[in-house]
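In what follows, a structure is listed as structure tokens, so that the remarks can point back to it.
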Amino acid sequence: MKRYVLQPKDGGTFAVESETTGDVAPGPGEVLVKIEAASLNYRDLLMQSGKSASSGGDPVVPLSDGAGTIEAVGEGVTPWEVGDRVALTFFRDWEDGRFETKYHQAARGGSCDGVLAEKVVAPAHSLVRLPGYLSMDEAATLPCAGLTAWHGLMERSRPLEAGHTVLCLGTGGVSIFALQIAKAAGAKVILTSSSDEKLKRAQELGADGIVNYRENPDWDKAVYELTGGKGVDHVIEVGGPGTLPKSMNSVAAGGSIALIGVLTGFDAPDASLFPLVTRNVDLSGIYVGSRAMFERFNAFLSEHEIHPVISDTFAFDEAPAAYGKLEGAGHFGKVVISFS
Ligand SMILES: NC(=O)c1ccc[n+]([C@@H]2O[C@H](COP(=O)([O-])OP(=O)(O)OC[C@H]3O[C@@H](n4cnc5c(N)ncnc54)[C@H](OP(=O)(O)O)[C@@H]3O)[C@@H](O)[C@H]2O)c1
């Protein structure tokens with residue numbers, strides 16, 4: 001069996017290296033999944049550069065997001081059969097309910113092995129059934145980027161409603177999923193990007209308002225104007241400290257900010273958080289989601305027949321090039337590795 005591992009290098013970074021290992025088989029309560037597609041997230045770049053929590057130095061199989069077909073089931077496994085089409089969950093053991101810090105011990109592609117391998121053994125509780133209309137490449141984009149956008153919009157204190165306005169930052173995986181979910185739910189979307197060409201593509205997907213944040217450093221003012229001075233109801237905040245102050249300026253009284261990303265780093269934001277208090281804004285930390293959320297997300301996807309946006313597809317042997325593509329940030333939506 002072929003797979004990749006993140007091999008520790010000097011200076012705390014990791015190399016994505018291929019290797020061949022022996023076959024694997026499911027034990028009691030486990031299944032064997034033949035992975036058919038995987039996708040990359042910004043987190044995988046953080047993992048490679050040593051900026052995110054990992055297994056503590058041992059080589060780990062990278063990538064959290066994969067989809068495939070069950071090839072064997074272990075003793076005592078009842079919900080699954082050989083041939084079932086499944087995706088693996090990001091947090092292996094977060095099935096439902098409130099998040100607990102113990103789930104960090106098994107975050108795929110970080111603190112435990114991920115999916116950039118031809119075969120993966122997984123506990124039966126750590127899978128979801130795929131919507132039938134999705135291809136394997138499409139399904140492989142769901143476990144992290146898709147579920148995070150869903151969680152941020154639909155699962156927290158003020159779920160998105162038809163007529164609300166959502167602000168999406170940039171055109172990466174999470175933001176394009178948020179755009180698609182919001183439009184399907186009957187909301188309006190304002191989206192920012194550094195590229196006019198990408199903004200045009202976002203309009204084709206339904207974005208109602210667009211702002212080029214590179215040409216317009218005061219993009220928060222543009223967002224405010226686009227909402228007629230009210231502000232947006234939800235922000236999908238993937239930028240972090242460099243964008244949060246402007247996201248706070250963009251949000252309406254009584255709105256919510258889903259705090260998701262670190263595209264501008266891990267420092268403290270250069271702004272007081274107090275305006276959130278005076279405007280009764282909810283600030284929710286979002287970390288992917290549970291299996292139960294993933295199942296609700298899949299039901300929504302099926303109801304609306306949403307097809308994830310795949311920007312680029314690479315073969316299994318081209319995995320390092322897929323990392324390079326994501327790092328270059330020229331993509332729109334998701335970068336996928338197709339195993340077939
Ligand atoms: N908390 C969680 O559970 C969770 C889950 C998934 C992702 N994340 C985080 O969310 C962020 C996005 O992840 P992703 O996988 O969707 O990333 P991605 O696909 O790599 O997105 C990259 C895109 O982000 C946009 N961008 C970069 N800097 C920006 C800035 N200063 N302002 C606005 N947009 C900017 C750019 O879009 P344009 O080219 O259009 O300018 C860039 O192409 C990352 O920080 C990631 O770690 C967190």
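Any value given below was found using the heavy atoms of this structure, including those in side chains, with hydrogens, waters and symmetry copies removed. When a ligand or atom number is given, it counts from 1 through the structure's own listing order. Residue indices begin at 1 and follow the sequence shown.
Checking S340 against E36 by side-chain atom types alone, no donor-acceptor pair falls below 3.5 Å. A donor and an acceptor atom, one from each side chain of K334 and N41, are located under 3.5 Å apart. A donor and an acceptor atom, one from each side chain of D96 and S290, are nowhere located under 3.5 Å apart. For the residue pair S247 / E237, a side-chain donor-acceptor distance below 3.5 Å is found, with atom types taken as modelled. If you check the side chains of S195 and R214, you find no donor sitting under 3.5 Å from an acceptor. Checking R156 against H151 by side-chain atom types alone, a donor-acceptor pair falls below 3.5 Å.
Salt-bridge check for K183 with D208: passed, with a basic side-chain N closer than 4.0 Å to an acidic carboxylate O. Between E155 and R296 there is a salt bridge, since a side-chain N of the basic residue sits under 4.0 Å from a carboxylate O of the acidic one. Under 4.0 Å is where a charged nitrogen must lie from a carboxylate oxygen, and between E71 and K34 no such pair does. Between R3 and E118 there is no salt bridge, since no side-chain N of the basic residue sits under 4.0 Å from a carboxylate O of the acidic one. Look at E204 and K200 and you find no salt bridge, because none of the NZ, NE, NH1 or NH2 atoms lies under 4.0 Å from a carboxylate O. A salt bridge is defined here as a Lys NZ or Arg NE, NH1 or NH2 lying under 4.0 Å from an Asp or Glu carboxylate O, and R108 with D65 fails to meet this definition.
Ligand 1 places these atoms under 4.0 Å from at least one heavy atom of T171: 37 (O), 38 (P), 39 (O), 40 (O). Taking every heavy atom of S193 and a limit of under 4.0 angstrom, the matching atoms of ligand 1 come to 38 (P), 40 (O), 41 (O). Set against the non-hydrogen atoms of A329, the atoms of ligand 1 under 4.0 Å away are 39 (O), 43 (O). For ligand 1, the atoms lying closer than 4.0 Å to a non-hydrogen atom of T264 are 31 (N). Here is the list of ligand 1 atoms found below 4.0 Å of a heavy atom in G261: 9 (C), 10 (O), 11 (C), 45 (O). Heavy-atom proximity to G170, at under 4.0 Å, picks out these atoms of ligand 1: 25 (C), 34 (N), 37 (O), 40 (O). Shown in contact with V238 at under 4.0 Å from a heavy atom are these atoms of ligand 1, numbered in order with element: 10 (O), 11 (C), 12 (C), 45 (O). Below 4.0 Å from some heavy atom of T243 lie the following atoms of ligand 1, by number and element: 31 (N), 32 (N).
Between Y42 and ligand 1, at least one N/O pair is under 3.5 Å apart. For ligand 1, the polar-atom distance check against V288 finds a nitrogen or oxygen pair separated by under 3.5 Å. At a 3.5 angstrom cut-off on N or O pairs, G173 counts as close to ligand 1.
Scanning all protein heavy atoms for the shortest distance to atom 21 (O) of ligand 1 gives G172 CA, 3.2 Å. Nearest to atom 45 (O) of ligand 1 among the protein's heavy atoms is V262 N, 2.8 Å. Remark: minimum distance from atom 24 (O) of ligand 1 to any protein heavy atom is reached at L263 CD1, 3.3 Å. Atom 39 (O) of ligand 1 has its closest protein heavy atom at K198 NZ, 2.7 Å. Nearest protein heavy-atom neighbour of atom 5 (C) of ligand 1: T148 OG1, 3.2 Å.
Among L147, N41, I260, L326, the residue whose heavy atom lies closest to atom 4 (C) of ligand 1 is I260. When the heavy atoms of A178, S194, S195 are ranked by distance to atom 41 (O) of ligand 1, first place goes to S194.
By the criterion of a heavy-atom distance under 4.0 Å, the side chain of C144, and not its backbone, is placed next to ligand 1. Residue V174 touches ligand 1 through backbone and side chain together, judged by heavy-atom distances below 4.0 Å. Residue-level proximity to ligand 1 for I286 is carried by the backbone, the only part with a heavy atom below 4.0 angstrom. Contact annotation: for Y213 versus ligand 1, heavy atoms closer than 4.0 Å belong to the side chain alone.
Judged by a 6.0 Å distance limit and a 45° cone about the ring axis, R201 is positioned over the six-membered ring of F332.
Close to ligand 1: H331, with a non-hydrogen atom less than 4.0 angstrom away.
More than 12 heavy atoms of other residues, nucleotides or ligands lie within 6.0 Å of NZ in K198, so this atom counts as buried by the packing criterion.
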